[in-house]
Number of protein chains: 2
Amino acid sequence: MSFQQLSRTEHLPKRIAEEIGRGIAGGRFASGDKLPTEHILAQTFGVSRSVVREAIAQLRNEGMVETRQGVGAFVTDPQRRATIRVEQASLADPVSLRNFFQLRLPLEIEAARLAARHRTPTEIAALDEALDGMVKARDWLDEGVKADLAFHRALAAATQNEFYAIFLGYIAEKTSTSINTSFPREMGAEIVKVTIGEHAAIHGAVVAGDAPRAGEAMRQHLINSAARLGITLETS
Amino acid sequence: MSFQQLSRTEHLPKRIAEEIGRGIAGGRFASGDKLPTEHILAQTFGVSRSVVREAIAQLRNEGMVETRQGVGAFVTDPQRRATIRVEQASLADPVSLRNFFQLRLPLEIEAARLAARHRTPTEIAALDEALDGMVKARDWLDEGVKADLAFHRALAAATQNEFYAIFLGYIAEKTSTSINTSFPREMGAEIVKVTIGEHAAIHGAVVAGDAPRAGEAMRQHLINSAARLGITLETS
DNA sequence: CGATACAAGGTTATCAGACAACCCTACAAG
DNA sequence: CTTGTAGGGTTGTCTGATAACCTTGTATCG
């Protein structure tokens with residue numbers, strides 16, 4: 001038995017921000033255009049200026065508009081967004097998920113290589129623990145997935161490159177969530193064993209400091225896990 | 001003669017958001033902790049509640065906190081941020097810039113390979129135009145840089161993978177801005193010519209549909225342009 | 001004794017109005 | 001032609017109040 005997630009008309013500013021955002025994305029406001037004044041927007045939407053201000057603040061955070069005191073709010077050049085945001089919903093589409101995997105592939109491979117070169121005892125311990133967590137996991141969909149994520153995060157940390165940690169952490173998280181919500185599947189004991197084996201191969205190469213082998217093991221792991229979802233990746 | 005860019009005490013809410021954000025990142029607030037009430041925060045920082053609210057709204061947008069009406073604001077699990085944001089200021093440090101380049105490297109290489117396989121006439125035209133823009137640019141620091149960005153954006157688009165466009169567009173933009181603001185340099189005619197030549201090599205391989213050669217040309221280009229900044233990249 | 005209903009207090013969400021800071025324009029003064 | 005100044009408009013911030021909501025404790029009733 002499952003209940004509907006009812007949406008109880010949440011967060012006025014967010015809805016207005018989306019409304020204005022659609023106006024921008026839909027081309028009703030061109031790059032450089034000045035938005036109506038907060039006063040007029042408040043009147044238009046029938047809310048107070050506070051709400052409009054919060055909505056505009058959100059758009060500003062996302063880099064879609066810039067405000068100048070005493071002048072107004074202007075639509076930013078869409079190519080210079082301040083943040084990267086991938087909507088979870090957009091990954092529900094199998095083609096998009098495949099594309100996302102295709103993006104992740106070279107990053108993870110390079111991360112594995114760098115990790116093999118730069119790992120320290122701290123990160124080796126984290127990798128050990130994550131692998132151990134996979135082995136001991138009673139329920140793969142819960143504990144196993146968590147350990148999987150922890151493994152990839154520890155690997156990203158081992159590169160000693162903060163940006164790999166940020167980007168891969170985000171990408172791995174999105175991927176995992178997307179799979180669990182949009183493409184849930186039971187993992188048989190056999191498949192779990194294979195998955196763990198792939199991680200163990202990466203682990204071994206990284207600990208040994210063998211960069212090429214770590215990269216290759218990671219490539220295989222990603223291609224295989226994609227294949228388990230029915231996704232075929234391009235390899236080069 | 002050049003003047004300092006003075007910072008005119010900008011945007012109260014932003015500064016407070018950063019302050020609270022540091023508190024979270026620095027571990028003063030653990031995951032799940034409840035932040036002080038808006039009233040108390042306003043008192044603490046010596047500003048009005050409006051400002052605090054806007055600051056919290058920003059943190060909520062970035063996924064660092066969640067608010068519940070009538071209860072309070074809580075620190076979100078730091079591992080599931082909703083967005084990726086790289087502070088421009090953090091790229092002023094040469095080491096960080098190097099790390100950022102190191103992240104960009106495998107992505108651009110793979111993008112070049114994918115572009116060679118999937119480019120369509122539309123994107124070839126865009127690449128042509130960007131290359132032409134570099135050749136004709138009178139001032140490299142302005143028109144040249146723009147054409148450079150356009151080239152890399154067109155390449156990302158040619159992968160037919162929306163995520164490469166999003167991520168590489170963001171990364172290339174950040175890199176370019178960072179170089180121009182933190183490490184400005186005059187580019188002699190010789191260097192410009194070499195740079196254009198590297199792009200032409202990529203262009204040629206992509207148009208020819210030669211994926212391995214496109215990837216290799218991109219690798220060389222990135223390694224060389226990093227070297228021109230005094231940055232040495234790890235290659236694998 | 002246990003479960004439900006209700007009241008009280010605290011917190012965020014929204015509203016309303018005001019003033020401050022700032023920018024742009026136009027016009028006057030030199 | 002350049003500089004100074006006044007005016008109006010817009011965003012930034014402040015203050016106070018009300019609504020919506022959640023939590024907790026207490027009272028009521030079986």
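Proteins come first, then strands; the chains are lettered A, B, ... in the order of their sequence lines, and each starts at number 1. As the structure is a prediction and not an experimental result, all values here were calculated from the model.
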Closest of dT15(D), dG12(D), dT14(C) to the S48(A) side chain is dT14(C)

When rounded to whole Å, the CD1 to C1' distance for the pair I56(B) and dA13(C) reads 12 Å

Query raised in the report: R68(B) near the nucleic acid: base, sugar-phosphate alone, or nothing, with a heavy-atom cut-off under 4.0 Å?
Result: sugar-phosphate

Rounded to whole Å, the CD-C1' distance (E66(A) to dC23(C)) equals 16 Å

The salt bridge (Lys or Arg N to Asp or Glu O under 4.0 Å) partners of D33(B) (sequence neighbours excluded) come to none

(message) Looking at T177(A) and E173(A), would you say the former's side chain and the latter's main chain have a donor-acceptor pair under 3.5 Å?
(response) yes

Can you see if the side chain of R60(A) gets near the phosphate of dT11(D) - specifically, an N or O under 4.0 Å from OP1 or OP2? no

Side chains of E123(A) and T120(A): do they bring a donor and an acceptor to under 3.5 Å? yes

Whole-Å distance, I16(B) CD1 to dT13(D) C1', equals 11 Å

Side-chain donor/acceptor pairs under 3.5 Å, residues 17-25 of chain A, sequence neighbours excluded:
from	atom 1	to	atom 2	distance (Å)
E19(A)	OE1	R22(A)	NH2	3.1

Next item on the list: Examine distances only and state if a side-chain atom of S178(B) and a backbone atom of K174(B) form a donor-acceptor pair shorter than 3.5 Å.
Entry: no

message: With a 4.0 Å cut-off on N to O distance, would you call E66(A) and R60(A) a salt bridge?
response: no

Atom CZ of F74(A) and atom P of dT11(D) are separated, to the nearest Å, by 9 Å

Distances under 3.5 Å between nitrogen or oxygen atoms of protein and nucleotides 19-21 of chain C:
from	atom 1	to	atom 2	distance (Å)
dA21(C)	N3	Q69(A)	NE2	3.1

Residues at least two apart in sequence or cross-chain that pass ring-ring contact (aromatic ring centres under 6.0 Å, His included) with F101(A), listed by chain then number, are none

Within residues 35-44 of chain A, those residues having any heavy atom closer than 4.0 Å to DNA chain D are T37(A), E38(A)

The complete set of ring-ring contact (aromatic ring centres under 6.0 Å, His included) pairs with one or both residues in residues 137-156 of chain B, sequence neighbours excluded, reads F151(B)-H199(B), H152(B)-H199(B), H152(B)-H221(B)

- Query: Does dT15(D) have OP1 or OP2 sitting under 4.0 Å from an N or O in the side chain of S50(B)?
  - Reply: no

When rounded to whole Å, the NZ to P distance for the pair K34(A) and dC24(C) reads 12 Å

Of V71(A) and E54(A), the one whose nearest nucleotide on DNA chain C sits closer to the 5' end is E54(A)

Query raised in the report: Ignoring hydrogens and geometry, is there a side-chain-to-backbone donor-acceptor pair from Y170(A) to V86(A) under 3.5 Å?
Result: yes

